[in-house]
Visitor: 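Pasting in a structure now, in structure tokens, and then I'll have a few things to ask.
Sequence positions, counted from 1, serve as the residue numbers for this chain.
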Amino acid sequence: MSLQAILLAYASNSLRNTSIASAFSSSQRLATRHKPAFSSLMRMSTTASEPSTTSSSLDSCNSITKRVKTVNAVASDETVSIKGWVRTIRKQKTLAFVEVNDGSSLSGIQCVVGFDAVSEGTLDELSKVTTGCAVELTGTIVDSQGGKQNVELQAESLRVVGVCSAETYPLAKKRHSLEYLRTIAHLRPRTNTVAAVARVRSQLAGSIHSFFQKSGFVYVQTPLITASDCEGAGEMFRVTTLDLDNVSSLPMKEDEDGKETGGVDYAEDFFSKPAYLTVSGQLGAETHACALGDVYTFGPTFRAENSQTTRHLAEFNMVEPEMAFADLASAMENAEAMLKFSVGHILENCKEDLTFFSKFYDKKLISKLEKLVEKPFARVSYRDAIKYLQEEIAKDPSKWQFPEVEFGTDLATEHERWLAETKFESCVFVYNYPKKIKAFYMRDNDEDGGETVNAMDLLVPGVGELVGGSQREERLDVLEKKMAELDLIPEDYWWYLDLRRFGSVPHAGYGLGFERLVCYVCGIENIREAIAFPRFPGNAEF
């Protein structure tokens, strides 16, 4: 009896003596005697010559062939299915070698099609195979007789699922520049580099979530649309439904006499006020930290910065934990533990991809990552960092693009990398930055009269700044004064100020640029390769 029939019978009062729960339980027990477990179904798929799993016959489940991801392929007598995209095909007199990649691993799998061992239909399908086409093969996985792979598929059948024109396919079997691949971002995941980045990125994201979940943090999704400028920098994308193509239709601000005073009247806009894409989820995360204790966000953020550097994107992802009853030292300890956990996970689970990156992008990548995991991070105050830089620059200022360094200088990438790569030869936290170069919400240091704030940046070799954080200003009067100095409108932050009015506590947090971490772990230089569809000035394709 189906669930629908049970419910219908119950509704018609024909199951007066049987509850829905017991009836459904009986139906479920009956079904499980005829069907494989759901988890098994998730790992299976039908082959070309077999009936679909949508067949009404329960017996059709017996004809399902197990699909194997190439990353999990091991020699076995079981007939299995391999599905993916053809990288290369080589035909000889009696057999063909089809290299198939399904995205689960760098190497894919070699499929051997013996002409005498397959049907005429398979041979017809084989004639359609070209680089880039999608295929499904069935057969047994055996130990490989060649030296380039451990196992291969001894094919029994082949079916072309999706054809690919060899004449127009833009990914010929040769190395393409990363710049060219950005112009075909919809196809570049089929290349070794971008696919390897995607796999490492996925593992990194999972490990970060795992770290915070195991540490008792609550995952919070903060809004992408905001009326608040977290950084106070003004480099934000505006969100509006006003008709910008028809300037004459825009509502304009007016005085009491009805005269236009200049500027658009956003009270007439969708949100009844100016709205923007967020540059950070931090302010929203603070609200939950002041109730749940430890929280984190992990999501997209946006910055309308006209930058074409290899380190900046207009759309990127931030990992932003916030911890109540915590100070700057707590934030640094948490950031270090999180990075060691996540990078350690990559070293353990992405060995093939890391070997590829080490071969083609950064020869010292694996040793660099191992050092991050094993060596404690250094710590140095901003004042001492400036002193060390001044001493080094004085030896030969001509070697530096920005030789002028003093208290109040916002460190450039060359300064950050020298501190991490040369001075300390490790990841290093620089803390207690000048107040004037940091955001309004950072806590003033009492010991120097507020000249510096309780903030830190984590600098890593090869990248520079990777993490930025601070203890937040929990004192209402101090925060209101700082906002006034920056011409921030208190009414826009009334809810943020309320956190200081009602049960304020010391709290701290930090932000990790996820794409920068991907670059660091993969050894790639340009952040535009660290994200599926990069957004930067002049580019919003795909």
Visitor: Are K387 and E391 side-chain neighbours, meaning at least one heavy-atom pair lies under 4.5 Å?
Guide: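 Of all side-chain heavy-atom pairs linking E391 with K387, at least one is under 4.5 Å.
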Visitor: Hey, is CD1 on I437 packed in by over 12 heavy atoms from elsewhere, all under 6.0 Å?
Guide: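 Yes, CD1 of I437 has more than 12 neighbouring heavy atoms, counting only those of other groups under 6.0 Å.
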Visitor: Would you say that R443 contacts R475 through its side chain, given a criterion of any heavy-atom pair below 4.5 Å between the two side chains?
Guide: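 They are in contact (side-chain heavy atoms under 4.5 Å apart), so the answer is yes.
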Visitor: Looking at every non-hydrogen atom in both residues, tell me the closest pair between A385 and L419 and how far apart they are.
Guide: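 Smallest heavy-atom distance, with atoms named: CB-CD1, 4.0 Å.
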Visitor: For A285, does its backbone N or O pair with a side-chain atom of H288 as donor and acceptor, under 3.5 Å?
Guide: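 Absent.
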Visitor: Once you round to the nearest 0.5 Å, how far does CD1 of I225 lie from OH of Y276?
Guide: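 Going from CD1 on I225 over to OH on Y276, the span is 13.0 Å.
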Visitor: So, R238 and D269, do they make that salt bridge, N to O below 4.0 Å?
Guide: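 No salt bridge links R238 with D269.
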Visitor: Any side-chain heavy-atom pair from T409 and F402 closer than 4.5 angstrom?
Guide: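 SC-SC contact between T409 and F402 ruled out.
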Visitor: Considering non-hydrogen atoms only, spot the tightest contact between L171 and L187 and give its length.
Guide: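 That would be CD1-O, 3.5 Å.
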Visitor: Return yes if some donor-acceptor pair links the side-chain N/O of R535 with the main-chain N/O of E541 below 3.5 Å, else return no.
Guide: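 Yes; at least one donor-acceptor contact below 3.5 Å.
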Visitor: Looking at E529 and R182, is any side-chain nitrogen of the basic one under 4.0 Å from a carboxylate oxygen of the acidic one?
Guide: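 Yes, this pair counts.
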Visitor: Check the pair V86 / T130 against side chain to side chain contact (heavy atoms under 4.5 Å, CB included), numbers first and verdict last.
Guide: CA-CA 7 Å; V86 174; T130 59; over 6 Å; no
Visitor: Applying the ring-ring contact (aromatic ring centres under 6.0 Å, His included) test to H209, which of F341, F514, Y219 qualifies?
Guide: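 Only one option passes, and that is Y219.
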Visitor: Taking the side chain as every heavy atom from C-beta outward, state whether L372 and C427 have any atom pair closer than 4.5 Å.
Guide: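 Yes, at least one pair of side-chain atoms sits under 4.5 Å.
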Visitor: For the atom pair CD1 (I346) and CZ (R201), what is the distance rounded to the nearest 0.5 Å?
Guide: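 Separation between the atoms: 12.0 Å.
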Visitor: Can you tell me if CZ on F325 sees more than 12 non-hydrogen neighbours from other groups inside 6.0 Å?
Guide: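 No, the 6.0 Å shell around CZ holds no more than 12 heavy atoms from other groups.
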Visitor: When rounded to the nearest 0.5 angstrom, what is the spacing between NE2 in H345 and SG in C350?
Guide: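 If I round to the nearest 0.5 Å, the distance is 6.0 Å.
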Visitor: For the backbone of P376 and the side chain of E336, can you confirm whether one donor and one acceptor N or O come within less than 3.5 Å of each other?
Guide: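 Not a single qualifying donor-acceptor pair exists.
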Visitor: Against the six-membered ring of F424, is K375 placed for a cation-pi contact (under 6.0 Å from the centre, within 45° of the normal)?
Guide: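 No; the conditions do not both hold, so K375 does not lie above the ring face of F424.
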Visitor: Salt-bridge test for K438 and D457: reply yes if a basic N is under 4.0 Å from a carboxylate O, no otherwise.
Guide: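 Here K438 pairs with D457 in a salt bridge, since their nearest N and O are under 4.0 Å apart.
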Visitor: Any chance the side chains of H507 and E322 put a donor and an acceptor closer than 3.5 Å?
Guide: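 Side chains of H507 and E322: no pair found under 3.5 Å.
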Visitor: Could you tell me whether a side-chain N or O of E235 sits under 3.5 Å from a main-chain N or O of E305, the two making a donor and an acceptor?
Guide: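 No; zero donor-acceptor contacts below 3.5 Å.
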Visitor: Just do the side chain to side chain contact (heavy atoms under 4.5 Å, CB included) check on V380 and Y388 with the steps written out, would you?
Guide: CA-CA 10 Å; V380 61; Y388 296 144; 3.9 Å; yes
Visitor: Under 6.0 Å from the CG atom of D446, do we count more than 12 heavy atoms belonging to anything else shown?
Guide: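 Check passes, neighbour count above 12.
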Visitor: Between F377 and S426, is any pair of side-chain heavy atoms under 4.5 Å apart?
Guide: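 No, too far: nothing below the 4.5 Å cut-off.
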Visitor: Side chain of S215, backbone of F217: donor and acceptor closer than 3.5 Å?
Guide: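 The answer is no, because no donor-acceptor pair under 3.5 Å joins these two groups.
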Visitor: Going by side-chain contact (heavy atoms from CB on, under 4.5 Å), name the residues that satisfy it together with P403, two or more places apart in sequence or in a different chain.
Guide: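 P403: side-chain contact (heavy atoms from CB on, under 4.5 Å) contacts with I393, P397, W400.
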Visitor: What I'd like to find out is whether the side chain of N101 reaches to under 4.5 Å of the side chain of W85, using heavy atoms alone.
Guide: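 No - every pair of side-chain heavy atoms lies 4.5 Å or more apart.
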Visitor: Under a 4.0 Å threshold between the charged nitrogen and the carboxylate oxygen, would E480 count as salt-bridged to R501?
Guide: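 Between E480 and R501 there is a salt bridge, with a charged N closer than 4.0 Å to a carboxylate O.
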Visitor: For the side chain of S104 and the backbone of V71, is there at least one donor-acceptor N/O pair under 3.5 Å apart?
Guide: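 Judged by distance alone, yes, a pair lies under 3.5 Å.
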Visitor: Show the numbers, then the answer: is there a ring-ring contact (aromatic ring centres under 6.0 Å, His included) between F440 and Y493?
Guide: CA-CA 12 Å; F440 76 94; Y493 298 86; 5.6 Å; yes
Visitor: Going from SG on C519 to CG on D362, what distance comes out if it is rounded to the nearest 0.5 angstrom?
Guide: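 One finds 12.0 Å between SG of C519 and CG of D362.
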Visitor: Looking only at heavy atoms, which two atoms of Y361 and T193 are closest? And how far apart?
Guide: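 Smallest heavy-atom distance, with atoms named: OH-OG1, 2.7 Å.
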Visitor: Once you round to the nearest 0.5 Å, how far does CG of N526 lie from CD of E515?
Guide: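 Spacing of CG (N526) from CD (E515) equals 12.0 Å.
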Visitor: Kindly state each residue pair satisfying salt bridge (charged side-chain N to carboxylate O under 4.0 Å, His left out) with at least one member in residues 271-298, sequence neighbours excluded.
Guide: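 Listed by first then second residue: E286-R500.
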Visitor: What distance separates K435 NZ from T452 OG1, expressed to the nearest 0.5 Å?
Guide: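 Here the interatomic distance stands at 10.0 Å.
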Visitor: Checking R188 side chain against L178 main chain: does a donor-acceptor pair fall under 3.5 Å?
Guide: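 Pair absent, no side-chain N/O of R188 close to backbone of L178.
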Visitor: How are the rings of F356 and F360 set relative to one another: parallel (under 30°), tilted (30 to 60°) or perpendicular (over 60°)?
Guide: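 Rings of F356 and F360: tilted, 30 to 60°.
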Visitor: K363 side chain to K359 main-chain N or O, any donor-acceptor pair under 3.5 Å?
Guide: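 It does hold such a pair.
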Visitor: Atom CD of residue position E525 - does it have more than 12 heavy atoms of other residues, nucleotides or ligands inside 6.0 Å?
Guide: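 No - once you tally the heavy atoms of other residues, nucleotides and ligands closer than 6.0 Å, there are 12 at most.
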Visitor: Could you tell me whether a side-chain N or O of E473 sits under 3.5 Å from a main-chain N or O of V478, the two making a donor and an acceptor?
Guide: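 No, the answer is negative, given that no donor and acceptor are paired below the 3.5 Å cut-off.
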Visitor: Set out, in order, the CA-CA distance, both residues' side-chain angles and the distance that settles side chain to side chain contact (heavy atoms under 4.5 Å, CB included) for L106 and R199, then state yes or no.
Guide: CA-CA 9 Å; L106 181 72; R199 285 188 293 268; 3.7 Å; yes
Visitor: Under a plain distance cut-off of 3.5 Å, with no hydrogens placed, do N432 and S381 share a side-chain donor-acceptor pair?
Guide: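 No - no donor-acceptor pair under 3.5 Å links their side chains.
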Visitor: So, for L365 and Y520, which heavy atoms are closest and what is the spacing to 0.1 Å?
Guide: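 Residues L365 and Y520, closest heavy atoms: CD1-O, 3.6 Å.
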Visitor: Would you indicate whether F270, at its atom CZ, is surrounded by more than 12 heavy atoms from other residues, nucleotides or ligands within a distance under 6.0 Å?
Guide: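 No, CZ of F270 has 12 or fewer neighbouring heavy atoms, counting only those of other groups under 6.0 Å.
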Visitor: Tell me the closest heavy-atom pair linking I366 and S358, and the distance in Å.
Guide: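 The answer is CG1-OG, 3.3 Å.
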Visitor: What's the shortest heavy-atom distance between P300 and N317, and which atoms?
Guide: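 Nearest heavy atoms, P300 then N317: N-OD1, 3.3 Å.
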Visitor: Can you check whether P534 reaches I531 side chain to side chain, under 4.5 Å on heavy atoms?
Guide: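 Yes, their side chains come closer than 4.5 Å.
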Visitor: Run D265 and M252 through side chain to side chain contact (heavy atoms under 4.5 Å, CB included) and show every step you take.
Guide: CA-CA 5 Å; D265 182 7; M252 307 303 291; 5.8 Å; no
Visitor: Dump the intermediate steps for side-chain hydrogen bond (donor to acceptor under 3.5 Å, both in side chains) on E451 and N445, then the final yes or no.
Guide: CA-CA 7 Å; E451 186 179 26; N445 279 319; over 6 Å; no
Visitor: Tell me, yes or no, whether the heavy-atom count around E179 atom CD, taken from other residues, nucleotides or ligands under 6.0 Å, exceeds 12.
Guide: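 Yes, CD of E179 has more than 12 neighbouring heavy atoms, counting only those of other groups under 6.0 Å.
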Visitor: If the threshold is 4.0 Å, N to carboxylate O, is there a salt bridge linking R472 and E474?
Guide: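 Looking at E474 together with R472, the answer is no, because their closest N to O distance does not fall below 4.0 Å.
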Visitor: Any side-chain heavy atom of F536 sitting closer than 4.5 Å to one from Q308?
Guide: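 Heavy-atom side-chain distance check passes, below 4.5 Å.
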Visitor: Distance-only, no hydrogens or angles: does the Y382 side chain make a donor-acceptor pair with backbone N or O of G408 under 3.5 Å?
Guide: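 Judged by distance alone, yes, a pair lies under 3.5 Å.
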